[in-house]
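Model, not experiment: these values are computed from the prediction.
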Amino acid sequence: MVSIRAVYRDGQLRPLDPLDLREGEEVQIQIVKPLVPLADAVADMLVTYDDASEALDEDAVQNQLDAVLESKRPLSEIIITDRHADA
């Protein structure tokens, strides 16, 4: 069993990392929502609150993260490269 992270947008589930699948290969998907909401996990790193009662726009935070991480290699790719370099 392989676990991946994905984002659901515009009616489509998009993996956040490359998948090792053949074209047309059928898979089974189990949906598990994160235990900690995105707002709780990253709000302190991205947003300064003037009013503690102000609601955080999770979509806006996710868009900021996507923009920052867009040009970065996936962690899985970095780990694989490092493992091959050590071999």
For Q28, side-chain contact (heavy atoms from CB on, under 4.5 Å) partners two or more places apart: none
Residues that, via side-chain heavy atoms closer than 4.5 angstrom, fall in one hydrophobic cluster with I80: none
side-chain contact (heavy atoms from CB on, under 4.5 Å) partners of E25, counting only residues at least two apart: L21, R22
Rounded distance [0.5 Å steps], CG in N63 versus CD in E58: 12.0 Å
Side chains of residues 5-18: which donor-acceptor partners sit under 3.5 Å, not counting sequence neighbours?
from	atom 1	to	atom 2	distance (Å)
R9	NH1	D66	OD2	3.1
R9	NH2	D66	OD2	2.8

